[in-house]
Novice: 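Please see the structure below; I have some questions.
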Amino acid sequence: MALLQISEPGQSAAPHQHRLAAGIDLGTTHSLIATVQSAQARCLPDDEGRLLLPSVVRYLPGGGLELGHEAREQQAEDPRNTIVSVKRFMGRRLADLPAAGALPYDFVDGPGMVGLATVAGERSPVQVSADILTALRERAEFTLGGPLAGVVITVPAYFDDAQRQATKDAATLAGLNVLRLLNEPTAAAIAYGLDQGSEGTFAIYDLGGGTFDISVLHLSRGVFEVLATGGDSALGGDDFDHAIAEWFCGEHGLGGLSALPPAAQRALLAEARRAKEALSSAPEAALALAMPDGRRCEARLTPAQLAELGQPLIARTLAACRRALRDAKLGAQDLSGVVLVGGSTRMPLVREAVRQHFGHEPLCDIDPDQVVALGAALQADALAGNGRGDEWLLLDVCPLSLGLETMGGLVEKVIPRNTTLPAARAQEFTTFKDGQTAMAVHVVQGERESVADCRSLARFTLHGIPPAAAGAARIRVTFQIDADGLLSVSARELTTGVEAHVEVKPTYGLADAQIAGMLQAAIGASQADMQLRMLREAQVDARRLLDATESALAQDAALLSPTELAAIRQAMFAVADALETQSPVADVKAASTALSAATESFAAQRMNASIQRALAGRALDTLA
Ligand code: ADP
Ligand code: MG
């Protein structure tokens, strides 16, 4: 099944014409571009034969720039203008970046996304990413000898709307046609050919430079489904480097890494990283640091020492793995395999820990640096129409629940967290007041029961609801999330067909740390939330009863004796009082029950009266 037809009408591609398509791993630390040639995916090297492009851009006075290796070498000299790990800022506001103060950049807070003030002027993370993507596009077009028809760019599975949209915007700015954003773990699974006939559930363990991601994928009959995602956006190879550097300082009584001058800090971190990487293929590695006072400090790092330093970090990755499996409602025994992704999974101690935790020999024969780009290239090739007719249908999940605000500031979840994408879910709502002709729709994201604790995504109003009694209109609200994870919401009144629609243009800026925080808060607060929900529901019910009684009195008060009317008025007053004073659930409910009781005979009289009105003037025998 072809997922996307990119041929223009009347210009259908000749049967054997190969469309140039590429897969791009736009990584925090490194980026790569790969393509399929002769049914084989391979990463494309730069003119010096290097595959990895450091995701680093240095801006120069006058508007020029340096990129990749060249820029990374200058990082220590010109930290303010040399942007590293820009992926962390994509779709983020300053408030979303708690560690921003520790970074050497001049952040400019924007309404949508942070900007970075450089010597060449302000740059947004989208522009910086676009510069990286442009370098990769030029590399591919030079090597392949023609323009790219389309690309697949990978993103972490936990990326929210804003981060995905920012990635797409960067691609557009770089002159790329994005066929699809693809989750990184899914790309890795494709690279391993797990789609080729195999059935089963796989964990993808991705430990990169600054992030850890775990994803649980289910594959059956060529369909990928992401069952759960998790991870830690502030945990990666860099933390091993820091742990090694701190240990080194301890060995030499240097009073901790932060006590060193900035240049020495950077030099020591680079040493630590070099030693750590060397230790992946050597029994021992040496570190040396020249101190500003001319002293030279040295140390030898052994696997046992690295294991001790890395143990707490690895334990954190395994805790995230347990959470993801729990979200997927699976145990380690349900997995058919584990795939290793990311440069840090080269460390033997990481491999060993994963093997023990999952009880599986991890899949690691494909270079963990390249595996994501290779999978993206295979997917791009299929989407560009070069496929062998067995293209995959890819399904991912949404990281946070999406819902609507309902009466009382409560959230009605429409698409629960971890729902497979693309997804469309509809729910019916009704009007709350008699004669209500418009309904405000407020779309929110999060796990909590109360709107105030969730993130507001969009608001729109459905007008033109035919005036009717409260509860008579039927309004169907449909949430749709496409394969790239972008949301649109529509509301339709079913009797008249009036419709309103909104594309949820993400307001840039929800950190995955915030996602994790919101999830945690939801778990911790579920007890309090339950009580709040009960109170709000009781309040909504009470208010509805009050309104209904009021409108009944307006019509039919004449049916009541003065004593009956006084009793009802008194019960109404008690309900209104309970609402106004924010009384506890039990009191609100008691007042409502009393009002229901007080109006019981009134309701019966009204019903009789209305039957009599209906019958008036009609002969009994005309009633069938
Ligand atoms: P990202 O996905 O964040 O761009 P990568 O997958 O490129 O990151 O991983 C970069 C990390 O991998 C760095 O921390 C680097 O030190 C680490 N790394 C690379 N090679 C090795 C190795 N041989 N042994 C240990 N760590 C390594
Ligand atoms: Mg990566």
Side-chain angles (χ1 to χ4, degrees), residues 403-413 427-442 444 448-454 459 461-462 465-475 522 525-614:
L404 286 178
E405 173 170 357
T406 61
M407 289 308 295
L410 294 177
V411 179
E412 180 73 32
K413 286 181 187 145
Q427 199 138 321
E428 274 187 29
F429 293 87
T430 188
T431 45
F432 178 71
K433 278 195 174 302
D434 285 342
Q436 184 178 338
T437 59
M439 185 167 103
V441 178
H442 182 196
V444 296
R448 300 285 298 271
E449 298 273 344
S450 147
V451 168
D453 296 320
C454 290
R459 287 174 190 274
T461 307
L462 176 68
I465 301 172
R474 288 170 56 215
I475 295 144
S526 58
Q527 202 66 19
D529 275 358
M530 272 292 261
Q531 281 175 359
L532 182 66
R533 176 173 273 274
M534 277 163 57
L535 176 63
R536 291 289 163 77
E537 277 173 0
Q539 288 171 336
V540 168
D541 285 345
R543 203 173 295 280
R544 191 176 285 144
L545 184 61
L546 211 53
D547 285 356
T549 313
E550 193 72 71
S551 80
L553 286 178
Q555 287 172 25
D556 290 324
L559 296 173
L560 295 168
S561 71
T563 349
E564 283 173 323
L565 185 59
I568 291 175
R569 286 270 178 230
Q570 195 176 349
M572 287 173 78
F573 178 78
V575 172
D577 191 52
L579 287 173
E580 224 153 87
T581 57
Q582 292 287 335
S583 303
V585 185
D587 295 0
V588 176
K589 284 194 165 167
S592 300
T593 311
L595 178 57
S596 296
T599 54
E600 212 167 291
S601 88
F602 179 40
Q605 291 175 48
R606 290 190 76 210
M607 200 179 304
N608 287 341
S610 82
I611 290 172
Q612 267 154 23
R613 271 199 295 271

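In what follows, residues are counted from 1 in the order of the sequence shown.
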Novice: Just distance, no hydrogens or angles: give the donor-acceptor pairs under 3.5 Å from side chains in residues 573-582, sequence neighbours left out.
Specialist:
residue	atom	partner	partner atom	Å
T581	OG1	D577	O	2.8
T581	OG1	S583	OG	2.9
Q582	OE1	Q539	NE2	3.2

Novice: Run R569 and E550 through salt bridge (Lys or Arg N to Asp or Glu O under 4.0 Å) and show every step you take.
Specialist: CA-CA 9 Å; R569 286 270 178 230; E550 193 72 71; 3.7 Å; yes
Novice: Does the side chain of V451 come within less than 4.5 Å of L410's, by heavy atoms?
Specialist: no
Novice: Under 3.5 Å, side chain of Q570 to main-chain N/O of A567, donor-acceptor pair present?
Specialist: no
Novice: Using every non-hydrogen atom in the two residues, find where A542 and V588 come nearest and quote the distance to one decimal.
Specialist: CB-CG1, 3.9 Å
Novice: With heavy-atom distances below 4.5 Å as the criterion, would you say the side chains of M439 and F432 are in contact?
Specialist: no
Novice: Measuring from L546:CG to L595:CG, what's the distance to the nearest 0.5 Å?
Specialist: 6.5 Å
Novice: I want to check something: taking the side chain as every heavy atom from C-beta on, are L545 and M572 in contact at a cut-off of under 4.5 Å?
Specialist: no
Novice: Tell me the closest heavy-atom pair linking T461 and A438, and the distance in Å.
Specialist: CG2-CB, 4.1 Å
Novice: Count the heavy atoms belonging to other residues, nucleotides or ligands that lie under 6.0 Å from NZ of K413, then report whether that count exceeds 12.
Specialist: yes
Novice: Provide the closest heavy-atom pair for F602 versus L553 in the form atom of the first, atom of the second, distance.
Specialist: CE2-CD2, 3.8 Å
Novice: Measuring from S450:OG to L535:CG, what's the distance to the nearest 0.5 Å?
Specialist: 11.5 Å
Novice: What's the separation between atom OG1 in T593 and atom CG in D541, rounded to the nearest 0.5 Å?
Specialist: 10.0 Å
Novice: Output the distance between atom OG (S596) and atom NZ (K589), rounded to the nearest 0.5 Å.
Specialist: 12.5 Å
Novice: Between side-chain atoms of residues 465-475 and protein atoms elsewhere (two or more places apart, or another chain), which donor-acceptor pairs fall under 3.5 Å?
Specialist:
residue	atom	partner	partner atom	Å
R474	NE	E428	OE1	3.2
R474	NH2	E428	OE2	3.4

Novice: Using side-chain heavy atoms (C-beta onward) and a distance below 4.5 Å, is T406 in contact with V411?
Specialist: no
Novice: So, does Q436 use its side chain to make a donor-acceptor pair with the main chain of K433 at under 3.5 Å?
Specialist: yes
Novice: To check you understand the geometry: which heavy-atom pair defines the closest contact between R448 and C454, and what is its length?
Specialist: O-SG, 3.5 Å
Novice: Less than 4.5 Å apart, side chain to side chain, heavy atoms only: is that true for L404 and V441?
Specialist: yes
